[in-house]
Amino acid sequence: MVATSSSSSSSLTPPTFQQRPQTPDDAKKNVGVLLLNLGGPETLEDVQEFLYNLFADPDILRLPEPLGWAQPLLARIVSYVRAPQSQEGYRAIGGGSPIRKTTEEQAEALQRAMDAKDVDAKVYVAMRYWNPFTEEAIERIKRDRITDLVVLPLYPQFSVSTSGSSLRLLEKIFRDDPALAPLKHTVIPSWYQRPGYVRAMANLIEREIQAYDSEEERKRGLGSRSAHVFFSAHGVPKSYVVEAGDPYKEEMEETVELIVGELKRRGIAYNGHTLAYQSRVGPVEWLEPYTDDSIRYLAKQGVEALVVVPISFVSEHIETLEEIDMEYREVAEESGIKGWRRVPALGCDQVFIDDLASAAIEALPYVDVNKAAAARSGQGEVENAAAAAAVLQGQSGLVPMGSVDALLETYDGDRKLLPVPDITVGEWEWGWTRSAELWNGRLAMSALAAILAFEILTGKAAFLLE
Ligand SMILES: C=CC1=C(C)c2cc3[nH]c(cc4nc(cc5[nH]c(cc1n2)c(C)c5CCC(=O)O)C(CCC(=O)O)=C4C)c(C)c3C=C
Ligand SMILES: [Fe+2]
């Protein structure tokens, strides 16, 4: 069993990382931190290709094994059909995703924070579905002759569909490129339990709760004691958790408990909390309760004011700026909820960035799995990387790249069927309501079969194929 948390309860002395001033041995060390993120379309013209990249990923949408070859085709169909709806969303938030800009600012802030802690490091950004792509980041790492690399997904909680997908790609790149063999590296799979993350989130929430005590809010009959803290996480299909063993839901629930515990410890009074899941797409069941249903339910229960907390992502994106700020706000207003305040995403929050810097520095000794395991076990150098990995994983939650496959096996060993994507045309949904599930599947498969038949019979590539 591979550990997935980065908390360390080990009583053994962890290997240490030499900080400045450098020794002659350290002179050869070039430290890098690789931030993994999703990426997003920068312009409306990018949207369809971005969606294609997303739906071509078997960790987002997976056809049964015999049909695996058709995934690029299905991804073409889905991205083509979904693009107009998705473009509407991006248009509403200014014509593109802010993810790249924010992630690059976070990378710079992290580099400064590590420097302030006396660690020279270069921080790189690797996006899964848009620029700067993972492959480009790796090329830069090679060019800069990085020797020690900490891989840090910018998702606080682990999911097969997010960090898992990025790590799977990274592992493939490492496997295929012999030039990467000497690069020592380790992965922090999730970090929601880091004290700085919990504190930074609690700070932001506290500020919004207290804002309900302003004169203006009081005149509206509200106050901090009427504020219900509403955590809204990006959903995943239930099958990820129930069948594939994705730890995402469990980690999300723990995150909420930790933050609520911190608010309680500070003695902040408010009107309870809820965790719900947003952004569902597709004909399958997603994690429940759904955000919109929960807002309506709370309104019926007499909740008057919400502090809405996006909890699964650390930068603003379409699902905070459009889905929460526009769609769910409207749901709340229509349901009679008077107070609406949304907690901003962490972005470059200093408490958060400083703690992320500490996480990366604490991970550095683990880049050399054999040495680290030897130090922990008190034995000589451990030859077998898997054995070394087991020692480390059991105690630190850090994962050497070579065992990312093992980590993913733990969650997704059987490579079960993952959801067929949402295909919404105008007002008519043919893929994502539960009642339409059967017809959606049939229609999607018929369309696929028709296009394939056309291509096979005519020998020509249809417009959907590359
Ligand atoms: C922890 C965060 C996320 C999880 C888990 C996740 C799973 C997941 N997402 C889709 C489908 C889409 N996601 C889209 C955008 C998007 N997703 C996340 C985060 C998680 N996704 C973010 C931050 C973004 C926004 C990027 C941006 O540009 O701002 C989209 C595109 C937007 C749209 O059309 O709605 C799709 C589609 C699935 C199917 C899935 C789990 C299987
Ligand atoms: Fe998503």
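All values reported here derive from a predicted model rather than from experimental measurement. Order of listing sets the numbers, starting from 1, for every ligand and every atom in it. Any value given below was found using the heavy atoms of this structure, including those in side chains, with hydrogens, waters and symmetry copies removed.
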With heavy atoms only and a cut-off of under 4.0 Å, state how Leu61 meets ligand 1: side chain, backbone, both or neither. neither
Closest to atom 4 (C) of ligand 1 (judged by heavy-atom distance), picking from Leu154, Thr162, Asp46: Thr162
If you look at every heavy atom in Val47 and Ser86, which pair is closest and at what distance? CG1-CB, 3.8 Å
If you compare all heavy atoms of His228 against all heavy atoms of Asn271, which two are closest, and at what distance to 0.1 Å? ND1-O, 2.8 Å
Considering only heavy atoms of Ile99, which atoms of ligand 1 have at least one such atom less than 4.0 Å away? 26 (C), 27 (C), 29 (O)
CG on Leu149 to OH on Tyr124, rounded to 0.5 Å: 8.5 Å
Tell me whether Ser97 has any N or O atom under 3.5 angstrom from an N or O of ligand 1. yes
Could you tell me, atom by atom, which parts of ligand 1 come under 4.0 Å of a heavy atom of Phe55? 37 (C)
Is ligand 1 less than 4.0 angstrom away from at least one heavy atom of Ile93? no
Applying a 4.0 Å heavy-atom criterion (strictly less than), which segment of Ala233 is in contact with ligand 1: side chain, backbone, both, or neither? neither
Basic-acidic side-chain contact under 4.0 Å: Lys172, Glu135: no
Less than 3.5 Å apart, any donor N or O on the side chain of Ser161 or Asp59 sitting next to an acceptor on the other? no
Run the salt-bridge test on Arg76 and Glu49 with the 4.0 Å N-O cut-off and return the result as yes or no. yes
Looking at ligand 1, would Trp286 count as a contact under a 4.0 Å heavy-atom criterion? yes
For Tyr240, take its heavy atoms, then give the atoms of ligand 1 lying under 4.0 Å from any of them. 42 (C)
By side-chain hydrogen bond (donor to acceptor under 3.5 Å, both in side chains) - contacts of Glu334 (at least two apart): none
Excluding waters, how many protein N/O/S atoms sit closer than 2.8 Å to the Fe ion (ligand 2)? 1
With only distance considered, is Asp59 within less than 3.5 Å of ligand 1 through an N or O on each side? no
Distance under 4.0 Å to a non-hydrogen atom of Gly40: what atoms of ligand 1 satisfy this? 28 (O)
I'd like to know if Arg329 pairs up with Glu323 as an ion pair, taking the criterion as any Lys NZ or Arg NE/NH1/NH2 lying under 4.0 Å from an Asp or Glu carboxylate oxygen. no
Record the part of Ser161 in heavy-atom contact with ligand 1 below 4.0 Å; permitted values are side chain, backbone, both and neither. side chain
Which residue from Glu323, His317, Gln157, Glu322 reaches closest to atom 23 (C) of ligand 1 through any of its heavy atoms? His317
Out of Arg100, Glu88, His234, indicate the one that has the non-hydrogen atom closest to atom 21 (N) of ligand 1. His234
What atoms of ligand 1 come closer than 4.0 angstrom to any heavy atom of Ser312? 1 (C)
Are Arg91 and Glu88 ion-paired here, with the side-chain N under 4.0 Å from a carboxylate O? yes
Is the closest N or O pair between Tyr90 and ligand 1 shorter than 3.5 Å? yes
Does either side chain, that of Thr43 or that of Asp46, offer a donor lying less than 3.5 Å from an acceptor on the other one? yes
I need the contact type for Glu319 against ligand 1. Using non-hydrogen atoms and a strict under-4.0 Å cut-off, is it side chain, backbone, both or neither? side chain
Once the angle between the rings of His185 and Phe174 is folded into 0 to 90°, is it parallel (under 30°), tilted (30 to 60°) or perpendicular (over 60°)? perpendicular
Could a heavy atom of Arg82 be found less than 4.0 Å from some atom of ligand 1? yes
Presence of salt bridge, Arg143 and Glu139, under 4.0 angstrom: no
Is Ile318 in polar range of ligand 1, meaning some N or O pair under 3.5 Å apart? yes
Looking at ligand 1, is there an atom of it that comes within less than 4.0 Å of some heavy atom belonging to Tyr248? yes
In terms of side-chain geometry, is the basic nitrogen of Lys142 or Asp177 positioned less than 4.0 Å from the acidic oxygen of its partner? yes
So, Ser294 and Thr274: side-chain donor and acceptor under 3.5 Å apart, yes or no? no
Heavy atoms of Tyr155 and Leu36 approach each other most closely as CE1-O, 4.2 Å
Show the atoms of ligand 1 that are less than 4.0 angstrom away from any heavy atom in Val281. 39 (C)
Distance only, no hydrogens: is a donor on one side chain within 3.5 Å (strictly under) of an acceptor on the other, for Gln278 and Glu319? no
In terms of ring plane angle, is the pair Tyr277 and Tyr248 parallel, tilted or perpendicular, where the classes change at 30° and 60°? tilted
Looking only at side-chain N and O atoms, does Ser190 offer a donor or acceptor that is under 3.5 Å from a partner on Glu251? yes
Pairs of nitrogen or oxygen atoms closer than 3.5 Å, one from Ser86 and one from ligand 1: do any exist? yes
Element-labelled atoms of ligand 1 that are located less than 4.0 Å from some non-hydrogen atom of Pro237: 41 (C), 42 (C)
Val236 heavy atoms within 4.0 Å reach ligand 1 at atoms 5 (C)
Does Pro41 have a heavy atom less than 4.0 Å from any atom of ligand 1? yes
